[in-house]
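Numbered from 1 within each chain, the chains take letters A, B, ... in sequence-line order.
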Number of protein chains: 2
Amino acid sequence: MGGRKGPYECGLDAAVDVIGGKWKVLLLWALAQGPRRFGQLRRELPGISEKVLAQQLRELEADGIVHREVFAQVPPKVEYALTGLGTSLNEALTPLGAWGRQHMAHLEATHGQRHPDAV
Amino acid sequence: MGGRKGPYECGLDAAVDVIGGKWKVLLLWALAQGPRRFGQLRRELPGISEKVLAQQLRELEADGIVHREVFAQVPPKVEYALTGLGTSLNEALTPLGAWGRQHMAHLEATHGQRHPDAV
DNA sequence: CCGTATCCCACAGGATACTG
DNA sequence: CAGTATCCTGTGGGATACGG
């Protein structure tokens with residue numbers, strides 16, 4: 001991401017800029033369960049492409065939300081984990097998640113015309 | 001909006017789908033101060049076009065976040081206000097806003113390469 | 001004053017193939 | 001395994017003009 005119009009106005013827009021990617025919150029959600037490897041995340045987010053996964057991960061890393069640890073060994077191993085900032089973001093996100101969960105049915109109905117085949 | 005990949009996973013994604021528009025949170029922020037008229041909102045969100053303002057307002061209305069009240073009179077008058085659901089969303093958003101405000105400087109610095117001319 | 005109708009484009013993100 | 005490199009598309013959203 002990275003294309004708003006000016007300086008942030010109310011903090012909320014800054015936060016939304018961080019979590020605004022299509023898979024960001026799902027990523028945050030997955031990483032909250034514990035450190036994850038690349039392929040593992042790919043499996044946990046069915047439908048995401050490698051390019052996009054790597055990309056969103058790097059954006060979150062650039063924002064200091066996730067930490068990327070490379071293990072110099074073969075076969076290659078890389079682990080992603082939430083930083084302290086990431087953890088605090090997740091906590092700040094909790095009420096929103098609760099709100100969403102509470103009104104999910106309503107939201108799927110109104111604004112929710114996705115494609116037919118559910119996953 | 002309205003284009004994810006399947007059913008919602010964790011509530012968080014449902015919520016993000018609602019506030020994911022470019023101006024949505026600013027709109028929410030503005031409406032939290034009290035009911036607003038169309039032109040008033042346009043003035044409070046410098047840079048937004050009428051099309052997009054109307055559009056995002058519609059989406060929020062479809063999601064039951066804002067209420068649109070038309071006064072049958074001339075000159076025309078329409079007021080937008082938060083619904084109960086909208087208010088609860090705003091409240092669920094509070095911690096996130098606080099988080100953003102707290103780390104705004106950091107975020108502007110890292111992920112924040114916008115265009116040169118600030119507003 | 002409060003919108004809708006068009007046209008247009010940048011860019012996030014999908015598919016696929018290839019590399020260290 | 002963990003990514004790049006390319007190519008391509010959908011669509012959110014900007015600009016502008018017109019209508020009730």
Side-chain angles (χ1 to χ4, degrees), chain A residues 1-6 13 16-27 35-63 66-81 111 113-115 117 119, chain B residues 1-6 13 16-27 35-63 66-81 111 113-115 117 119:
Chain A
M1 312 256 97
R4 229 175 168 74
K5 71 268 97 174
D13 47 355
V16 167
D17 237 19
V18 173
I19 60 166
K22 188 173 181 183
W23 303 89
K24 297 271 180 74
V25 298
L26 265 1
L27 240 13
R36 291 284 187 271
R37 300 185 53 178
F38 190 88
Q40 199 174 356
L41 287 171
R42 193 154 56 114
R43 261 168 271 123
E44 292 188 34
L45 281 73
I48 195 171
S49 68
E50 297 111 32
K51 190 196 81 170
V52 174
L53 176 54
Q55 195 175 277
Q56 309 247 326
L57 244 11
R58 263 187 272 105
E59 291 174 7
L60 289 173
E61 190 193 0
D63 284 334
V66 313
H67 172 69
R68 178 171 181 271
E69 178 141 29
V70 184
F71 296 81
Q73 64 182 47
V74 44
K77 173 179 174 183
V78 181
E79 266 194 3
Y80 297 88
H111 133 143
Q113 294 302 70
R114 291 53 171 107
H115 57 193
D117 59 318
V119 65
Chain B
M1 314 247 93
R4 229 178 169 73
K5 72 269 94 179
D13 48 356
V16 167
D17 237 19
V18 173
I19 60 166
K22 188 172 180 184
W23 304 89
K24 297 269 180 77
V25 297
L26 265 0
L27 239 14
R36 292 282 187 273
R37 302 185 51 179
F38 189 88
Q40 197 175 357
L41 287 170
R42 193 153 57 114
R43 262 168 270 122
E44 293 188 33
L45 281 73
I48 196 172
S49 69
E50 297 112 30
K51 190 195 79 170
V52 175
L53 176 54
Q55 193 175 279
Q56 309 248 325
L57 244 12
R58 280 293 166 61
E59 292 173 5
L60 288 174
E61 189 192 359
D63 284 335
V66 313
H67 173 70
R68 179 170 180 270
E69 178 141 28
V70 184
F71 296 80
Q73 64 182 46
V74 46
K77 173 180 172 182
V78 180
E79 265 195 2
Y80 296 88
H111 132 143
Q113 293 303 70
R114 291 58 171 96
H115 56 193
D117 58 318
V119 67

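Closest approach of A:Leu57 to A:Leu41, counting heavy atoms only: CD2-CD1, 4.0 Å. Scanning all heavy atoms of the two residues, the minimum distance from B:Val18 to B:Lys24 falls at O-NZ, 3.4 Å. Contact between A:Trp23 and A:Gln56 at its shortest, heavy atoms only, is N-OE1, 3.4 Å.
The B:Gln56 side chain lies nearest to D:dG13 when the options are C:dA15, D:dG13, C:dC2. Set against D:dA15, D:dC1, D:dG3, the side chain of A:Tyr80 has D:dG3 as its closest nucleotide. Checked against D:dA2, C:dG13, D:dG13, the side chain of A:Val52 finds its nearest nucleotide in C:dG13. The B:Val78 side chain lies nearest to C:dG3 when the options are D:dC1, C:dG3, C:dC1.
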What pairs of nitrogen or oxygen atoms, one from the protein and one from nucleotides 4-8 of chain D, lie under 3.5 Å apart?
| from | atom 1 | to | atom 2 | distance (Å) |
| --- | --- | --- | --- | --- |
| D:dT4 | OP2 | A:Arg58 | NH2 | 3.1 |

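Separating the CZ atom in B:Arg43 from the CZ atom in B:Arg36 is a distance of 10.5 Å, to the nearest 0.5 Å. For the atom pair CG of A:Leu26 and CG of A:Leu45, the computed distance is 5.0 Å after rounding to the nearest 0.5 Å.
Straight-line distance from the NZ atom of B:Lys22 to the C1' atom of D:dG13: 7 Å, rounded to whole Å. Across the protein-nucleic acid pair, B:Gln55 atom CD and C:dG3 atom C1' stand 13 Å apart, rounded to whole Å. If you take CZ of B:Arg37 and C1' of C:dC1, they are 7 Å apart, rounded to a whole angstrom. Whole-Å rounding puts the B:Gln40 CD to C:dC1 P distance at 12 Å. Going from atom CD of B:Glu69 over to atom P of C:dG3 covers 13 Å, rounded to whole Å. The separation between A:Arg36 atom CZ and D:dC1 atom P is 16 Å, rounded to whole Å. Whole-Å rounding puts the B:Leu53 CG to C:dC2 P distance at 10 Å. For the pair B:Arg42 CZ and C:dC2 P, the computed distance is 8 Å after rounding to whole Å.
Partner B:Tyr80 forms a side chain to side chain donor-acceptor pair (under 3.5 Å) with one of B:Glu69, B:Arg37, B:Arg68 and no other, that one being B:Arg68.
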TODO: Kindly indicate, with the supporting measurements, whether the criterion side chain to side chain contact (heavy atoms under 4.5 Å, CB included) is fulfilled by B:Arg58 and B:Glu61.
DONE: CA-CA 5 Å; B:Arg58 280 293 166 61; B:Glu61 189 192 359; 3.7 Å; yes
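Residue contacts shown for B:Phe71 are absent, as no nucleic acid heavy atom lies under 4.0 Å away.
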